[in-house]
Amino acid sequence: MTGPLDGITVVDLSRALAGPHAAMLLGDMGARVVKVESPTGDDTRGWGPPFVGPEDDPVSTYFLSCNRNKESIVLDLKSDDGRETLTRLVRHADVLIENFRPGVLDRLGFDVERLHELNPGLVVLAISGFGHDGPEGGRPGYDQIAQGEAGLMSVTGTGPDEPQRVGVPIGDLLAGLHGAFGVATALRERELTGRGRVVRTSLLASVVGVHAFQGTAYTVAGQVGRAQGNHHPSLAPYGLFHASDGPVQVAVGSQGLWVRFAEAFGIDPADPLLATNSARVGNRAHLVEVIDAAFASWRAEDLLARLAELGIPSGKVRSIDEVYDWEQTRSQGLVIDVEHPVLGRIELPGPPIRFDDNAFGGGRDTHQPPPGLGEHDATVRAWLDEADAADAAAGDHP
């Protein structure tokens with residue numbers, strides 16, 4: 001496979017979502033990713049419904065979401081063969097990804113010192129729930145727990161008394177994204193130093209790291225953000241409003257846009273209650289009533305067309321099926337075709353990055369389907385045999 005990370009080998013010891021997502025992103029960019037699974041497989045192979053395929057060999061769509069562009073080998077890391085094979089993988093890898101609870105990999109005999117003894121250039125990505133140290137560093141982490149503990153649920157929902165989780169496991173996904181970024185940075189550093197290092201992130205860190213204005217509102221101004229439904233706490237009008245036949249979203253991000261918007265829909269832009277952004281934020285309930293009344297005679301489709309004419313950022317609220325059937329989504333390489341060994345040809349969500357010489361997402365010429373459990377046992381072991389033989393001939397190691 002070609003791609004920016006062609007020639008990089010990743011050993012993915014992680015399971016569930018954060019680590020597998022990081023490994024998948026690296027695989028999308030051309031890295032070879034060897035997914036090491038226990039004899040029972042990654043946890044997400046059993047997460048469902050929905051399951052698809054034959055009843056005697058069902059496939060979890062959850063697993064399909066985070067394991068494209070990988071090979072699978074089964075290892076029992078408590079067995080001699082499992083530890084020996086992992087040792088060989090480490091010697092020939094560039095990156096190792098793990099999301100065990102802190103200390104688990106050490107007890108298996110693969111602490112950081114041992115990993116770098118085997119391969120001084122190895123970049124290690126360790127993802128945890130709440131960090132590898134600190135007073136609560138050993139806590140297990142799952143996405144919804146982290147969303148709550150990291151404050152995200154307190155600013156999401158219809159109001160402060162009804163906290164809501166985000167509709168996707170955003171803590172896991174952000175940890176994977178930050179982890180992949182850390183790995184890419186460490187690989188660049190290795191080009192200069194010849195040494196690998198440990199990259200650490202956590203679900204807690206990844207959610208706190210995207211608090212953005214909600215974070216500085218507290219750290220600088222002492223204001224604690226609260227859930228406010230579908231309206232922005234610092235900009236107005238910026239949120240969800242109602243046409244006669246459904247919701248529309250409008251984002252008026254400047255005073256010039258406000259004047260243009262207000263005049264087009266019969267609202268006095270100089271009304272003292274609405275004249276400035278601060279006034280509109282302070283009188284949001286009144287503002288929403290005024291705009292909903294102005295929109296009440298419009299069909300959503302016609303309203304969105306008029307807003308587009310005015311240059312007012314706006315949009316509809318699409319369901320998931322509408323998103324994947326949308327021509328714009330497909331034009332961006334966000335849906336890919338792969339040939340699955342059990343399911344045949346299927347469509348998967350595609351990589352979110354495109355390069356200038358690539359018409360579809362990611363850095364590869366083609367994408368590979370998520371692997372079956374142990375599907376690549378033989379080919380990975382054959383590759384290790386060849387790599388070991390080449391090193392022995394060169395006198396690099398036994």
Side-chain angles (χ1 to χ4, degrees), residues 147-148 150-168 170 207-320 322-323 326 328:
Q147 285 196 39
L152 187 58
M153 290 176 66
S154 75
V155 293
T156 305
T158 57
D161 297 327
E162 298 183 14
Q164 294 286 323
R165 63 181 289 275
V166 176
V168 296
I170 194 67
V207 174
V208 173
V210 296
H211 278 175
F213 65 88
Q214 295 282 16
T216 50
Y218 174 69
T219 63
V220 179
Q223 295 183 5
V224 178
R226 301 296 185 196
Q228 297 185 27
N230 292 312
H231 292 276
H232 198 289
S234 302
L235 291 173
Y238 190 116
L240 186 143
F241 301 92
H242 298 88
S244 63
D245 59 345
V248 296
Q249 301 210 91
V250 178
V252 176
S254 72
Q255 189 63 18
L257 283 178
W258 163 248
V259 172
R260 191 187 315 164
F261 171 82
E263 290 178 345
F265 292 98
I267 301 169
D268 179 7
D271 180 341
L273 294 177
L274 306 174
T276 66
N277 182 69
S278 295
R280 294 191 293 274
V281 170
N283 296 286
R284 181 181 288 107
H286 172 63
L287 175 68
V288 171
E289 288 182 5
V290 168
I291 294 176
D292 277 349
F295 285 178
S297 61
W298 288 80
R299 292 176 61 250
E301 182 178 354
D302 297 332
L303 176 59
L304 289 171
R306 178 59 178 145
L307 289 166
E309 290 176 358
L310 294 166
I312 306 295
S314 58
K316 63 190 296 186
V317 179
R318 296 177 186 268
S319 61
I320 292 293
E322 289 176 317
V323 172
W326 189 16
Q328 184 63 23

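Between Tyr238 and Val281, the closest side-chain pair of non-hydrogen atoms is not below 4.5 Å. In this structure, Val290 and Phe265 have side chains that are not in contact, with every pair of non-hydrogen atoms separated by 4.5 Å or more. Using a 4.5 Å heavy-atom threshold, the side chains of Val250 and Phe261 count as touching.
Under the 3.5 Å distance criterion, the side-chain polar atoms of Asn230 are left unmatched by any main-chain donor or acceptor of Leu240.
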Going by atom type alone, with no hydrogens or angles, which donor-acceptor pairs under 3.5 Å involve a side-chain atom of residues 159-167 and a protein atom two or more places apart or on another chain?
residue, atom, partner, partner atom, Å
Glu162, OE1, Thr158, OG1, 2.8
Arg165, NE, Gln144, OE1, 3.2

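Within the structure, salt bridge (Lys or Arg N to Asp or Glu O under 4.0 Å) contacts touching residues 278-299 (residues at least two apart or in different chains) are Arg299-Glu301, Arg299-Asp302. Contacts classified as side-chain hydrogen bond (donor to acceptor under 3.5 Å, both in side chains) and involving residues 209-227 (residues at least two apart or in different chains) are not found. Annotation: salt bridge (Lys or Arg N to Asp or Glu O under 4.0 Å) contacts involving residues 261-272, sequence neighbours excluded, are absent.
The side-chain contact (heavy atoms from CB on, under 4.5 Å) test with Val252 is passed by exactly one of Leu257, Asn277, Val259: Leu257.
Under the side chain to side chain donor-acceptor pair (under 3.5 Å) criterion, Glu322 pairs with Ser319, sequence neighbours left out. With sequence neighbours excluded, the residues satisfying ring pair (Phe, Tyr, Trp, His ring centres under 6.0 Å) with His231 are Phe241.
A parallel orientation is assigned to the rings of His232 and Phe213, their planes being inclined by less than 30° (bins at 30° and 60°).
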